[in-house]
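Okay, so here's the structure we're looking at.
Whatever order the structure lists ligands and atoms in, that order sets their numbers, starting from 1.
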Amino acid sequence: MTKAVIEIRRTAGALGAEILGVDLSGDLDNATFDAIHQAFVDHQVIFFRGQALTPEAHKRFGRRFGSLNVHPYVKGMDEHPEIMEIIKEPTETTNFGGGWHSDMSFLEKPSIGSILYALEVPDFGGDTLFASQAAAYEALSPGLQATLEGLNAIHSAGREYSSKGSSAQKRQSMQVSEAEGLAGEFIHPVVKVHPESGRKALYVNPAFTMRIDGWTKRESKPLLSFLFEHSRQEAFTTRFRWSKGSVAFWDNRSVWHYALNDYHGQRRHMRRVTVDAN
Ligand code: SIN
């Protein structure tokens, strides 16, 4: 069997690696795909630079990992409903994804990962932050780890995609609908075991986790506030500076992300495909 030649450069202590020597636009041979897949499992978020992805190529790469999600609230491209365009115009002040979250944790079967491709980036700002929820879990005391392993949490899009939530704010270039009344509530373990690495990670996030299952909102708040504060510590993060043609692929099962909104007056245009759970 031929071994793929890819170079992997870690970006931070907790998570993240840049992958060099790969062109994602064509059909990847199995050895290269396996090497990328392994890097994704090992590093939780992987980055590529200098890519030229048509919508078809973007989807083809995503489909190597699983079927693609059609977002229930954010309208996709007309010809490619699985591709979400994340755009902030120079005249806009609200960005999309500007808070710590894990994509699609509000679904019954949340996503494996998201693949974000940069078409146009600001001269400065617009970086994305990532936080390893595996590192966050591992830094907790054995006592709290054991307590959390016995808990489940309720997730919903109902707050974030409501008229008051930041995701559903009216935008010039994105059509986002409100979820109020439609959003279901789904239950997920507070600690998830990664199916491929076997590593445990916290699986609650400030955008979509509503409460601990069987607890009231008021009872849940102190514990969730502690976990949200704990999980975004600098030591658990990496930060990606985008350039045109960059790609980031993060594991939603063990990574939070945060799109910084520090580039008012400039345009940022990204495309995202989101890989469903198998
Ligand atoms: C998101 O998927 O939450 C957006 C991330 C970004 O635009 O950097």
Practice item. Applying ring pair (Phe, Tyr, Trp, His ring centres under 6.0 Å), name anything that partners H155, two or more places apart in sequence or on another chain. Key: H188, Y203
Point to revise | Contacts of type ring pair (Phe, Tyr, Trp, His ring centres under 6.0 Å), residue F240, not counting sequence neighbours | key: F47, W242
**Study point:** Pair E92-R267, salt bridge (Lys or Arg N to Asp or Glu O under 4.0 Å): steps then yes or no
**Key:** CA-CA 9 Å; E92 292 180 301; R267 190 169 200 269; over 6 Å; no
Need the list: ligand 1 N/O atoms against protein N/O atoms, distance under 3.5 Å, rounded to one decimal.
residue  : atom  : partner : partner atom : Å
ligand 1 : 2 (O) : R272    : NH1          : 2.8
ligand 1 : 3 (O) : H101    : NE2          : 3.0
ligand 1 : 3 (O) : H257    : NE2          : 3.0
ligand 1 : 7 (O) : R268    : NH1          : 2.8
ligand 1 : 7 (O) : R268    : NH2          : 3.4
ligand 1 : 8 (O) : T128    : OG1          : 2.6
ligand 1 : 8 (O) : R268    : NH2          : 2.8

Point to revise | ring pair (Phe, Tyr, Trp, His ring centres under 6.0 Å) involving H264 - partner list, sequence neighbours excluded | key: none
Practice item. Please name the residue in the list Y258, F236, F130 that meets the ring pair (Phe, Tyr, Trp, His ring centres under 6.0 Å) test with W100. Key: Y258
Exercise for review: Please check if any side-chain donor atom of K59 sits under 3.5 Å from a side-chain acceptor atom of H80, or the reverse.
Suggested key: yes
